[in-house]
Amino acid sequence: MLMDARKKAELIEAGGVEVDDSFMPYLSRSTAGPGAGLSSFFFSSGGRRVRLSVRESSPYKAVMDRGEVTIFKDGDVFVKGVLEEAISHCPGQVYVTVSEKCVFDCKYCPVPKLQGKIKSKDDVVKMALEGSRHPSFEAISLTSGVWKTPEEEVERVAEIVRELKQLNVPIGVSVYPTDDSSEILKEAGADEIKYNAETIDPDVFEKVCPGLSLDYIVKSLEHAVKIFGRNHVFTNIIIGLGETDETVIKGMDMLASKGIIPILRKVNPHPLRAGEVYTENVPAERLLKLAAEERKILDRYGLRADLALTGCLLCTGCDLVPHRDL
Ligand code: SF4
């Protein structure tokens, strides 16, 4: 009754579970990226981890008894495991969204609509110091919307990274790239970088990320590999925006050939974006197929997703991660 890659894929496909009252003290609200604003928890079983949103209605129902969690599917036991405590957003990491506002308007992302908080350097340092007391603390990940301009955001995040170096753990940064963002962030002390392409299909990109350039992001990622090294440069690719598997596989090959590791993320339609973007259900079968293809591609180019020191490839909560899950 442990979670294998297939069961994890099925839970990711479902996107969420129903819970009973015993979960209430353990639920956290995400401020980062496409899951922003939803309550969730982390479930671990069979050496794998999955982040599950809490839903009012789902075929899956989680029940907790003294820290042990059983997930039922249509009334039958589906998988057993434990609840994992998040430090700040996810287990083991202080993962902070620095600017919860964004001047861009990617159609699947709730951040521009939520108009959240702009955290100061002191806010982030305080969160990191608090998180660093947790026994599982092993990394810091900073992500940020673009509050004013990409250049100012990079400078703001770099200043925070300089301050956080005192905690002596790897630091990963995810921002919108600028011409010299990799140099600035590396000099500040960042160890890893993620510039999100979001989709590798140019036609879909044009529709969902108006005003942004896929070509520029890919060039910035390629340049980042020279600064941060292979296995330390990542990009999120959302699955379920209407792209074909063929396009995704070709795109993953192109990225990996440049030393960039893609993170395949199932689209997570947010209520604040209802009707603004085409999304489709992503079956577990498709997630498993694309992750297996990714594993083959990474192996062909000598890349390892399990060498990531920070961020989503270390957390693994939202995705099937090659070399970790399969
Ligand atoms: S995989 Fe990434 S986005 Fe998902 S919970 Fe973990 S750190 Fe957050």
Side-chain angles (χ1 to χ4, degrees), residues 3 5 8-9 11-17 26-45 47-54 81 83-98 100 102 106 108-111 114 116 124 127-128 131 134 136-145 169-175 191-198 232-240 261-270 282 287 290-291 294 305-306 308-326:
M3 182 164 66
K8 177 169 172 178
L11 288 168
I12 293 174
E13 177 189 352
V17 297
Y26 302 99
L27 299 182
S28 65
R29 291 184 81 78
S30 171
T31 58
L38 302 173
S39 289
S40 64
F41 66 94
F42 290 86
F43 172 75
S44 167
S45 165
R48 295 178 178 83
R49 170 188 292 153
V50 67
R51 174 176 178 262
L52 295 167
S53 294
V54 173
L83 193 85
E84 268 194 291
E85 201 187 337
I87 297 184
S88 165
H89 171 75
C90 70
Q93 301 186 54
V94 169
Y95 193 120
V96 183
T97 304
V98 178
E100 296 173 32
C102 196
C106 295
Y108 47 78
C109 183
V111 170
L114 288 168
V124 180
M127 288 173 79
H134 198 282
S136 70
F137 175 64
E138 59 175 332
I140 297 172
S141 293
L142 301 178
T143 181
S144 202
V169 291
I171 300 176
V173 173
S174 174
V175 287
D191 299 281
E192 297 189 324
I193 197 91
K194 179 161 77 164
Y195 300 138
N196 287 333
E198 313 290 12
H232 301 293
V233 177
F234 319 113
T235 186
N236 277 6
I237 304 292
I238 298 174
I239 304 299
I261 300 185
I263 298 170
L264 299 183
R265 170 72 40 91
K266 184 192 87 98
V267 72
N268 189 7
H270 197 283
V282 185
L287 291 170
L290 289 175
E294 182 179 5
D306 57 349
L309 304 168
T310 66
C312 296
L313 292 180
L314 181 65
C315 168
T316 74
C318 296
D319 319 297
L320 286 178
V321 175
H323 303 119
R324 288 191 186 271
D325 289 320
L326 77 174

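Counting convention: from 1, in listed order, for ligands and their atoms alike.
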Give me the one residue out of V233, T310, I263 that meets side chain to side chain contact (heavy atoms under 4.5 Å, CB included) with K194.
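Exactly one option meets the side chain to side chain contact (heavy atoms under 4.5 Å, CB included) with K194, and it is I263.
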Enumerate the atoms of ligand 1 whose separation from the nearest heavy atom of [X] is less than 4.0 angstrom.
X	value
G317	1 (S)
C318	1 (S), 3 (S), 4 (Fe), 5 (S)
F42	5 (S)
C315	1 (S), 5 (S), 6 (Fe), 7 (S)

Test salt bridge (Lys or Arg N to Asp or Glu O under 4.0 Å) applied to K8 - qualifying residues, sequence neighbours left out:
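Counting only residues at least two positions away or on another chain, K8 forms a salt bridge (Lys or Arg N to Asp or Glu O under 4.0 Å) with D325.
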Is it the side chain, the backbone, both or neither of H89 that has a heavy atom closer than 4.0 Å to ligand 1?
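The part of H89 near ligand 1 is the side chain, not the backbone.
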Between ligand 1 and R265, can you find any atom pair, the residue atom being a heavy atom, that is separated by under 4.0 Å?
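Contact present.
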T316 and R49: side chain donor to acceptor below 3.5 Å
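Side-chain D/A pair, T316 to R49: absent.
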How long is the span from the CZ atom in R51 to the CZ atom in F43, to the nearest 0.5 Å?
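Spacing of CZ (R51) from CZ (F43) equals 15.5 Å.
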List in chain and number order the residues that pass side-chain hydrogen bond (donor to acceptor under 3.5 Å, both in side chains) with E138, two or more places apart in sequence or in another chain; answer none if no residue qualifies.
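Partners of E138 by the side-chain hydrogen bond (donor to acceptor under 3.5 Å, both in side chains) criterion come out as none, since no residue qualifies.
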State whether C312 contributes an N/O/S atom found under 2.8 Å from atom 8 (Fe) of ligand 1.
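Here the distance criterion (N, O or S atom, under 2.8 Å) is not met by C312, so no.
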Does a side-chain N-to-carboxylate-O contact under 4.0 Å join R265 and D319?
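Answer for the salt bridge query: yes.
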